[in-house]
Amino acid sequence: MLKREGFTYNKPHKKFPSDAEIVFYKSEKELLTETFRLMWKYPIIITFNGDNFDLNYMFHRANKLKINRDLNPIHVKRGFGILSKAECDLRKGIHIDLFTFFFNRSISGYAFGGAYESSSLNAISDALLGKEKYHHDEEIHEMEYNILSWYNLKDSLLTLELTKFNSSLVWNLIILLCRITKMPIHEMVRRQISTWIQNLFYFEHRRRGFLIPRRAEISELKKGGFKKSVIEGKGFAGAYVVPPVPGIHYDVVVMDFSSLYPSIIKESNLSYETVLCPHPDCEDNLLKGTPYHTCTHKMGIFAYVVGFFRDIRVKYFKPKSGDKNLSEKQRSYYNTIQQALKVFINGSYGVFGSLNFPLFCLPVAESTTAIGQYSIKQTIKKSEEIDVKVLYGDTDSVFLLNPTKTQMQKLSKWSKDELDLDLEEEKTYQFLALSERKKNYVGIYKDTKYVDIKGLVAKKKNTPEFIKKTFSDLLEILKNVTNNDEFSKAKSEIIEIVKENFRKIGKADTFSLEDYTINISMQKNLKDYTKVVPQHVRAAMELKNATGKEYQKGETISFVKTKGPIGAKAIELAKLQDIDPKKYKELLKSALEQVLDALGISFDEIKGIKKMDAFF
DNA sequence: CTGTTCCTGCTTTAT
DNA sequence: GTATAAAGCAGGAACAGA
C-alpha cells in the first residue's frame with residue numbers, strides 16, 4: 001500500500017512493470033519542474049501527439065504557473081497558445097513528434113505500404129507492432145490513478161517501441177531521410193515530400209555551382225499547355241485508361257511498366273532546363289506524344305537525380321537487402337535504405353507536377369504523362385499485332401487475355417527496345433469480371449485465390465456494413481469459378497443471396513444499427529460548407545446543436561439515413577427505428593448492380609423482381 | 001404540377 | 001502544400017408534358 005499526499009494507492013495495475021515506480025507530486029508545478037529537469041538531461045525527446053501539442057501545452061502551463069523561464073527547455077518559434085499550432089522545439093536537444101512523421105503521406109504510403117489506415121497511436125502500433133494501446137471503457141478523467149499511470153506508461157512504451165522495432169527501422173529511416181534531403185531532423189519530420197525534394201534539388205544546384213531559377217523564370221520561358229486535362233480545373237492532362245471489354249474472362253495476365261513515370265523522366269531526359277532547350281540542333285529530338293523536344297547535349301538535373309536514385313535502388317540496395325551472405329541486421333538496414341529511396345522515386349512525379357513546387361515546369365509534367373499515354377497506347381497496338389487481346393489497362397498496365405509465354409516475352413523485348421521501358425508480368429487472374437466502368441473490376445488470382453476488388457462501391461469505406469457483408473457472401477461463391485459451367489451454377493446461388501438480403505432490410509432482428517452506419521469524412525470545417533450542405537454535414541450540424549460535439553476538418557462522421565427533412569442522423573443520436581428502409585434498398589440495389597453488371601446478370605433477370613419492386 | 005434529365009458539389013477510389 | 005482519371009451519390013435547376 002502506497003500513500004502520498006492524500007491519495008490512497010492500492011496496488012499497481014497488474015501489467016505494471018515490477019521495477020517501475022509511481023511518484024505523486026504535490027502540485028502541477030512540482031511535476032512540471034521535474035519533467036523539465038529530465039528534458040534538459042536527455043538529448044532526444046520523442047512524443048506522439050500532433051501539432052507539438054505536448055510541448056505547447058507544457059510551455060503554456062509553465063508560464064501560467066510562473067516557473068522560472070531559465071528552467072523551461074521549450075522554445076516557441078512562432079505563434080502562442082495551445083490551440084494555435086505554435087511551432088515548438090527544444091532549447092537543448094531534439095524533439096521528434098512521431099505523429100507528424102507517420103502522418104506524412106509519403107511515409108505511410110511508400111515507406112510502410114499503407115499498412116496503417118489512420119495515424120493514431122493505436123492504429124499504427126497495431127499494424128506495425130501487433131500491439132494496442134491500453135483498452136479502457138471508462139473516461140480518462142474517471143480512471144483510477146493506478147490504471148491511469150499504466151495507461152500513460154503503455155503509451156510511452158509503444159512510442160519508444162515504434163522507433164526501435166525491426167532493428168530501429170524508423171530511427172534509421174529518419175536519419176537516412178535527413179541525409180538524403182540535407183535537412184535537420186526537426187525540420188525533416190515536420191515537412192512534406194515537396195519540401196524534401198525541393199531541398200534536395202537546391203543542394204544539387206549549389207553543388208554544381210548552378211543558379212537556382214525563380215519560378216517565373218521557368219514559367220515565362222516554357223509555357224506548355226498543348227493538351228487540356230479531361231477534368232476541368234486541372235493543370236495538365238494525365239494518364240490514359242483503356243476502355244474495358246465488359247464480361248467474364250478467364251486466365252488474364254496483367255503486365256505493367258515498372259515505375260513508369262520515373263523511368264520516363266530518366267530515359268527521355270526530362271527536366272525544366274532540358275525540355276524545350278534553346279539549342280537549334282536539339283529541335284529534332286522530339287518527345288513521343290508531345291510537340292516538345294529535349295536536349296541532346298546535357299543530362300537534365302531531374303533526369304539525373306531521379307535516374308540515379310532509381311538505379312542505385314534497383315541495382316545496388318535492393319539486391320543487397322535480399323543477399324543471404326549478409327547478416328540479418330545488415331539486410332534489414334539495406335532494406336531501409338531501399339525504402340527511403342522509394343519515397344523519393346515515387347514522389348518525384350507528383351512533386352514535379354505540382355504548381356506549388358518552385359521548379360514546376362508545365363512542359364515537363366505534360367511530357368511525363370504524355371509519354372506514358374504514348375507508351376501504353378503503342379503497347380496495345382503491338383499486342384494486337386501479335387494476336388493478344390487487350391481487355392483493359394490503366395496508366396501503366398495492360399490486361400492480356402490468355403497470352404502465351406512467347407507472346408509475353410516478345411512484348412517485353414519490344415518495350416525495352418522501342419520504348420526504353422521495362423514491361424513485366426505482374427499477376428494472373430483465373431477469373432476477371434469487367435463492366436463498362438473504368439477503374440472497377442473483380443478478379444481472382446490464379447495462384448493464391450486472393451479476391452482482388454477494385455473501385456466497386458461495396459469496397460468503399462462510406463458503404464454500410466450490411467452491403468459489404470452481402471458482397472463478401474457473393475464473392476465466396478465466385479472464388480471457385482474457373483469456367484463458364486461453374487459460373488452458371490454460381491449464378492443461381494448469387495441470385496438467392498441477393499433476394500434474401502433485400503428481404504432483410506428494415507425488418508426487426510436482421511441488421512443492427514452498426515450494419516446501416518455510413519462513415520464519411522468531412523474535408524472542410526462545418527462553417528465552410530457554403531455552396532451545398534451534404535447529408536453527413538447536416539447530421540454533424542444537428543449533433544453539434546444537440547450535444548455541442550463538433551466534428552472537425554478531416555474527421556469522419558458516422559450516420560444513418562433517416563426519414564424526414566434532414567435525411568440523416570449522427571450515430572450518437574440515432575436509433576434503429578430511425579432508418580429509412582427505402583433509401584437503403586436503393587443503395588443495395590445500385591451497389592449490387594455494379595457487380596451483377598459485370599457478371600452479365602441484369603436486375604430484371606433476378607426472379608421475384610416484381611415482388612421486390614413492391615418495396616419501392 | 002410532376003416526373004425526368006442535366007449539372008454541380010462532394011467524397012472516395014485507381015494508378 | 002505530390003499528380004490526374006474516374007466513379008457514384010445527393011440535391012437542385014432546367015426542361016418536357018399534362
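Numbered from 1 within each chain, the chains take letters A, B, ... in sequence-line order.
Within the structure, a side-chain polar atom (N or O) of A/S229 is placed less than 4.0 Å from OP1 or OP2 of C/dA5. Between A/Q594 and C/dA7, a side-chain N or O to OP1/OP2 separation shorter than 4.0 Å is absent. For C/dG11, the OP1/OP2 oxygens have a side-chain nitrogen or oxygen of A/R538 closer than 4.0 Å. Between C/dG8 and A/R437, a contact under 4.0 Å exists linking OP1 or OP2 to a side-chain N or O. In this structure, A/Q535 does not reach the C/dC9 phosphate: none of its side-chain N or O atoms is under 4.0 Å from OP1 or OP2.
Under the side-chain contact (heavy atoms from CB on, under 4.5 Å) criterion, A/L355 pairs with A/F360, sequence neighbours left out. Partners of A/Y429 by ring pair (Phe, Tyr, Trp, His ring centres under 6.0 Å), not counting sequence neighbours, listed by chain and number: A/Y445. Under the salt bridge (charged side-chain N to carboxylate O under 4.0 Å, His left out) criterion, A/D452 pairs with A/K427, A/K454, sequence neighbours left out. Taking A/F257 as the reference, nothing meets the ring pair (Phe, Tyr, Trp, His ring centres under 6.0 Å) condition, with sequence neighbours excluded. With sequence neighbours left out, A/D580 forms a side chain to side chain donor-acceptor pair (under 3.5 Å) with no residue at all. Residues satisfying the side chain to side chain donor-acceptor pair (under 3.5 Å) test with A/S229, not counting sequence neighbours, are none.
Near DNA chain B, meaning a heavy atom under 4.0 Å from it, residues 107-114 of chain A has no residue at all.
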Output side-chain donor-acceptor pairs under 3.5 Å for residues 263-271 of chain A, partner residues at least two apart or in another chain, one line each.
| unit_1 | atom_1 | unit_2 | atom_2 | d |
| --- | --- | --- | --- | --- |
| A/S263 | OG | A/S258 | O | 3.4 |
| A/S263 | OG | A/S259 | O | 2.7 |
| A/S263 | OG | A/R310 | NE | 3.2 |
| A/S263 | OG | A/R310 | NH2 | 3.4 |
| A/K266 | NZ | A/D311 | OD1 | 3.3 |
| A/K266 | NZ | A/D311 | OD2 | 3.1 |
| A/S268 | OG | A/I264 | O | 3.4 |
| A/N269 | OD1 | A/G300 | N | 2.7 |
| A/N269 | ND2 | A/C295 | O | 3.2 |
| A/N269 | ND2 | A/K298 | O | 3.0 |
| A/S271 | OG | A/E273 | OE1 | 2.6 |
| A/S271 | OG | A/I301 | N | 3.2 |
| A/S271 | OG | A/F302 | N | 3.0 |

For residues 367-374 of chain A, please give each side-chain donor-acceptor pair under 3.5 Å, one per line with the distance, not counting sequence neighbours.
| unit_1 | atom_1 | unit_2 | atom_2 | d |
| --- | --- | --- | --- | --- |
| A/S367 | OG | A/P363 | O | 2.5 |
| A/T368 | OG1 | A/V364 | O | 2.7 |
| A/T369 | OG1 | A/A237 | O | 2.8 |
| A/T369 | OG1 | A/A365 | O | 3.4 |
| A/T369 | OG1 | A/E366 | O | 3.1 |
| A/Q373 | OE1 | A/K227 | NZ | 3.2 |
| A/Q373 | OE1 | A/K377 | NZ | 3.1 |
| A/Q373 | NE2 | A/G238 | O | 3.0 |

Seminar exercise, completed: In B/S/- notation (B base, S sugar-phosphate only, - none; protein heavy atoms under 4.0 Å), nucleotides 8-15 of chain B written 5' to 3' is -SSSBSBS

Exercise. When every nucleotide of nucleotides 2-7 of chain B is labelled 5' to 3' by its protein contacts under 4.0 Å (heavy atoms), B for base, S for sugar-phosphate only, - for none, what sequence of letters results?
Worked result: ------

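At a threshold of 4.0 Å, the pair A/D394-A/K439 counts as salt-bridged, since one of the basic side-chain nitrogens sits closer than that to a carboxylate oxygen.
What separates CD1 of A/I345 from C1' of C/dT2 is a distance of 15 Å, to the nearest Å. Atom CZ in A/F236 sits roughly 5 Å away from atom P in C/dT4 (whole-Å rounding). Atom-to-atom, CZ of A/F302 to P of C/dT2 comes out at 15 Å; the value is rounded to the nearest Å. Note: NZ (A/K438) to P (C/dG8) measures 13 Å, nearest angstrom. Between A/Y261 atom OH and C/dA5 atom C1' the separation is 10 Å, expressed in whole Å. A straight line from CG of A/L359 to C1' of C/dA3 spans 16 Å, rounded to a whole angstrom. Atom CG in A/L592 sits about 13 Å away from atom P in C/dG8, given to the nearest Å. Atom NZ in A/K227 sits about 14 Å away from atom P in C/dT4, given to the nearest Å.
Just one of A/E187, A/M188, A/K182 meets the side-chain contact (heavy atoms from CB on, under 4.5 Å) condition when paired with A/P184; it is A/E187.
Remark: aromatic rings of A/F53 and A/F99 are distant, center separation not under 6.0 Å.
At the heavy-atom level, A/S348 lies nowhere under 4.0 Å from the strands shown. Within 4.0 Å (heavy atoms only), A/A237 reaches sugar-phosphate atoms of the nucleic acid but no base atom. At a threshold of 4.0 angstrom between heavy atoms, the contacts of A/G353 are confined to the sugar-phosphate backbone, with no base atom among them.
Residues A/K553 and A/V457 both approach DNA chain C. Their nearest nucleotides, taken by heavy-atom distance, put A/K553 toward the 5′ side. Place A/I566 and A/N104 on DNA chain C by their nearest nucleotides, and A/N104 ends up nearer the 5' end.
Listed by first and then second residue, the ring pair (Phe, Tyr, Trp, His ring centres under 6.0 Å) pairs that reach into residues 219-246 of chain A are A/F226-A/Y292, sequence neighbours excluded.
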Problem set entry | Residue pair A/Y584, A/F511: steps toward the ring pair (Phe, Tyr, Trp, His ring centres under 6.0 Å) verdict | CA-CA 12 Å; A/Y584 280 101; A/F511 299 126; 9.5 Å; no

